[in-house]
Structure formats: structure tokens, C-alpha cells
J.: 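Just passing along the structure, written as C-alpha cells.
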Amino acid sequence: MAVATTYNQPYRKRYHILSDCRREHVKKSFIKHWQLYLIVIPPSLFFLIFKYYPMLNAVLAFKDYNVTKGIWGSPWVGFKHFELFFENPIFWTLMKNTLLISGYLLLAGFPIPILLALALNEIRNGKFKRFVQLVSFAPYFISTVVMVSIIMLFLAPRLGFVNVAMNYFGMDSINFLGQPGMFRSIYVWSDIWQTAGYSAVIFLAALAGVDPSLYEAAKVDGASRFQKIRHIDLPGILPTITIIFILNVGSVMSLGFEKIYLLQNPLNKINSEIIATYVYQIGLLNANYSFATAVGLFNSCINLILLVVVNRVAKRLSNTSIW
């Protein structure tokens, strides 16, 4: 035993020396860059207090919440609330509506900011370029409530601009928000109109980082604009496209609640009822907080699985990933 202890002493001494070196290095780094550490403290506290600490209360999904006993004092019920949600006849309708709207938004909305950024990058007239950027970027600052009000006014059956224009050309009026089949398109394309300009800023920033010498070489070789876009612009922003795509896929189940809830009515509810609106009505309005937490945790787990899978696939195919 004494031999083993004596044998391990050099390793212990080496470990303590390395630990002291690390502590000294951290201390020197903090003294030298204390301003940077000071800047990092507020966002770190924000994430710790408002993001990570509330995650502890996710245990509510496995309990039958009692207000008087509190979260940690409430009795355990295991997967009861998950089973209630999975066995609910409306479960598959909710999943279908959520995935269809999210998939539609991803397929239709993801390429448009890229195309808009590529088009803006080719505009040589500075005033016109700034005008287009302003017009496409401005809708992003419209609040959700105001946006829904605009949509309702435009699509109103009697006095809406769209129906008035249709009547002018001899067509009958349509109750757009009363047609379940039209709800997804109304939601998706209005969202694209509102967010495309803002999303394009990221790709414009990526295009600004492309090496100008590549354009000069392409010009010497006689490449057309489309050839420059295909062989220089797209490869140059491909890592950014991949990262944004991974993040979008990772939030497929986190579909915006406010806009869908405000556009929802009894006529289109069969296609507009998603998991988020169902949780609000059943879980929160009825004060069934455990059930609402269970469904929210289920949503988060699905998003996490999608994020990990897509990130791994992207890393294998393009060697670009979040981690």
C-alpha cells in the first residue's frame, strides 16, 4: 500500500502543478481582459435566471400540481399527463396541423430571404437598393396584433380590399378566413411578407464577407451574373444557409401562438388548431398547469431531437454544423 502511495505521488504533484498553472492563467486572463468579462456577466445572468433556472420547474409535468403544496410539494404522477395527451382523440389532428403549417412555412419561407439577399446584392443603384431594403424590412416592426388586423381588413368578405378587387372583375366574394383550406396559406405568406426582409439581412451580411477578388476573376473570365451567383455567392454563403436551416428545423414544433390564435375562428379551427393554442385553452385557461407543462416539454423534446439529427446530417454532408 505504501509502495502504491509512493508511486502515485509524482502524478499527484504533477496534477497540483497543472491546477495551479490553470488558476494562474485564469487569474491573469481575468485581470488583462476584465472589461470583456464584465460585458459577459449581464447576458450570462439573463440566461441563468430566465432560461436555465425555470427549466427546473419542468418537473411539474410529472406531478399533479397543487397550489397550496407548491411545485416541489405536489404529488408525483409519472407520465400521467403525457398519456392523457397522447390518448386524446385530437392529438393527431394537432400534430398534423402543427407539422403541416411549420413545414409549409419552412419550405416556402426559407428560400425567399436568400433570393431577396442575392437580388439586393446585384443591385447597383444605391437609392433603389435602400428603398427596397426599407420596404421589405419595415413590416418586421409591425406588432402581431396590428398585422392580424391588417390581414382581417384586407380579407374581409364585404369591404376587404381583396374582395372589392375581385368584385370589380366580376368575381364573387370569398370569406378567406372562414375557409379552412386557405388558413395555412394566409398564415404562411403573411408571415413571409413580414419577416423576409429581416431574415435577408443575415444573408446580406454573409455576402459582404465574400472575397471581392473572386468577382474580379469571374469578370475577367466573362462570367454572367447568374454564373457569379451560382459559383461565388451561393458557395460563399452556404455555411450561413446551413446554420440557419438547422436552427429553423430545430424550432419546427415551436410555431408562433399569438398570430394563429388571433386568426383562429370556429370556421377554420379544424386546420388552425395547433399544439400551442390547444395548450393555452385546455392547460392554462382551465388552470391545468401540469398538463400544459407536459405538452410543452413534449414539444421541446421533439425540437431537440430534430435539431440534433439535422445538425449531424449537415455535419456529414457539408462539414458545417452548430457544434
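Heads up: numbering here begins at 1 and tracks the sequence. Predicted, not measured: the structure shown is a model, and the values here were computed from it.
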J.: Picking from T93, T98, N88, what satisfies side-chain hydrogen bond (donor to acceptor under 3.5 Å, both in side chains) with Y278?
T.: N88
J.: Do Y198 and I237 share a hydrophobic cluster (ILVMFWY, side-chain heavy atoms under 4.5 Å, transitive)?
T.: no
J.: What distance do L118 atom CG and F226 atom CZ have between them, rounded to the nearest 0.5 Å?
T.: 10.5 Å
J.: Is the closest side-chain heavy-atom distance between R130 and K127 below 4.5 Å?
T.: yes
J.: Output yes when a side-chain donor or acceptor of E216 lies under 3.5 Å from a complementary backbone atom of S213, and no otherwise.
T.: no
J.: Is a side-chain donor or acceptor of N163 paired with a backbone partner of A156 at a separation under 3.5 angstrom?
T.: yes
J.: Give, for atom CZ of F245 and atom CD1 of I114, the distance between the pair rounded to the nearest 0.5 Å.
T.: 10.0 Å
J.: State whether a side-chain donor-acceptor pair under 3.5 Å links N288 with Y65.
T.: no
J.: So M147 and D191, do their side chains get closer than 4.5 Å, heavy atoms only?
T.: no
J.: May I ask you to check whether over 12 heavy atoms, not counting those of F110, lie within 6.0 Å of atom CZ?
T.: yes
J.: Are there over 12 heavy-atom neighbours, none belonging to N319, within less than 6.0 Å of that residue's CG?
T.: no
J.: Working to the nearest 0.5 angstrom, can you tell me the gap between R230 CZ and L234 CG?
T.: 9.5 Å
J.: I want to know whether F176 and F183 have ring centres closer than 6.0 Å.
T.: no
J.: Quick check on M55: does its CE atom have over 12 non-hydrogen neighbours (other residues, nucleotides or ligands) under 6.0 Å away?
T.: no
J.: Determine yes or no for a side-chain-to-main-chain donor-acceptor pair under 3.5 angstrom, with S251 supplying the side chain and N248 the backbone.
T.: yes
J.: Does I270 CD1 have over 12 foreign heavy atoms under 6.0 Å away?
T.: no
J.: Can any side-chain N or O of Q264 pair as donor or acceptor with the backbone N or O of K269 at less than 3.5 Å?
T.: no
J.: Mark yes when over 12 heavy atoms from residues, nucleotides or ligands other than W34 sit less than 6.0 Å from its CH2; otherwise mark no.
T.: no
J.: Under the 3.5 angstrom rule, does the side chain of N268 hit a backbone N or O of N265 as a donor-acceptor pair?
T.: yes
J.: Can you name the closest pair of heavy atoms from E273 and N97 and give their distance?
T.: O-ND2, 2.9 Å
J.: Counting C-beta onward and ignoring hydrogens, is there a side-chain heavy-atom pair between E122 and I229 closer than 4.5 Å?
T.: yes
J.: Is there a side-chain contact between L116 and S136 (heavy atoms, below 4.5 Å)?
T.: yes
J.: Does any non-hydrogen side-chain atom of N299 lie less than 4.5 Å from one of I302?
T.: no
J.: Can you tell me if CG on D172 sees more than 12 non-hydrogen neighbours from other groups inside 6.0 Å?
T.: no
J.: How long is the straight-line distance from CD1 of I192 back to OH of Y187, given to the nearest 0.5 Å?
T.: 10.5 Å
J.: So, K80 versus S290: side-chain donor-acceptor pair below 3.5 Å or not?
T.: no
J.: I'd like to know whether CZ of F86 has more than 12 heavy-atom contacts from other residues, nucleotides or ligands below 6.0 angstrom.
T.: yes
J.: Within the 4.5 Å heavy-atom criterion, are L247 and I322 side-chain neighbours or not?
T.: yes
J.: The criterion is side-chain contact (heavy atoms from CB on, under 4.5 Å); which residues satisfy it with L100, sequence neighbours excluded?
T.: K96, R184
J.: Kindly write out the residues that satisfy side-chain contact (heavy atoms from CB on, under 4.5 Å) with S300, not counting sequence neighbours, or none if the list is empty.
T.: none
J.: Are D233 and Y215 packed together at the side-chain level, in the sense that at least one heavy-atom pair is separated by less than 4.5 angstrom?
T.: yes
J.: Would you call the rings of F257 and Y280 parallel, tilted or perpendicular, taking 30° and 60° as the class edges?
T.: tilted
J.: List in chain and number order the residues that pass salt bridge (Lys or Arg N to Asp or Glu O under 4.0 Å) with K69, two or more places apart in sequence or in another chain; answer none if no residue qualifies.
T.: none
J.: Under the criterion side-chain contact (heavy atoms from CB on, under 4.5 Å), I'd like the reasoning laid out for V295 against F82: C-alpha separation, chi angles, the key distance, then a yes or no.
T.: CA-CA 7 Å; V295 178; F82 293 94; over 6 Å; no
J.: For the side-chain contact (heavy atoms from CB on, under 4.5 Å) test, which of I305, L306, L304 pairs with V308?
T.: L304
J.: Are side-chain N/O atoms of Y104 and W189 paired as donor and acceptor at under 3.5 Å?
T.: yes
J.: Determine whether I151 and K259 make a side-chain contact, defined as any pair of heavy atoms from C-beta on separated by less than 4.5 Å.
T.: yes
J.: Run the side-chain contact (heavy atoms from CB on, under 4.5 Å) test on W323 and N311 for me, step by step, so that the C-alpha distance in whole Å, both residues' side-chain angles and the decisive distance to 0.1 Å come before the verdict.
T.: CA-CA 8 Å; W323 64 82; N311 185 74; 3.4 Å; yes
J.: Report yes or no: does N66 contribute a side-chain atom to a donor-acceptor pair with the main-chain N or O of S74 at less than 3.5 Å?
T.: no
J.: Do the side chain of T293 and the main chain of L60 share a donor and acceptor less than 3.5 angstrom apart?
T.: no
J.: Working to the nearest 0.5 Å, report the span between CZ of R316 and OG of S318.
T.: 12.5 Å
J.: Please give me the minimum heavy-atom distance between L204 and N121, naming the atom from each residue.
T.: CD2-N, 4.3 Å
J.: Can you list the steps and then say if M253 with L99 is a side-chain contact (heavy atoms from CB on, under 4.5 Å)?
T.: CA-CA 7 Å; M253 298 294 290; L99 291 174; 3.6 Å; yes
J.: Please report the shortest heavy-atom distance between A61 and L297, naming the atom on each side.
T.: CB-CD2, 4.1 Å
J.: Given the rule in the side-chain contact (heavy atoms from CB on, under 4.5 Å) test, do L177 and L267 qualify, once you have shown the distances and angles that lead to the verdict?
T.: CA-CA 8 Å; L177 291 175; L267 297 175; over 6 Å; no
J.: Is it true that atom CZ of F128 has more than 12 heavy atoms of other residues, nucleotides or ligands lying nearer than 6.0 Å?
T.: no
J.: Out of curiosity, does Y289 fall in the hydrophobic cluster containing F298 (side-chain heavy atoms, cut-off under 4.5 Å, transitive links)?
T.: yes
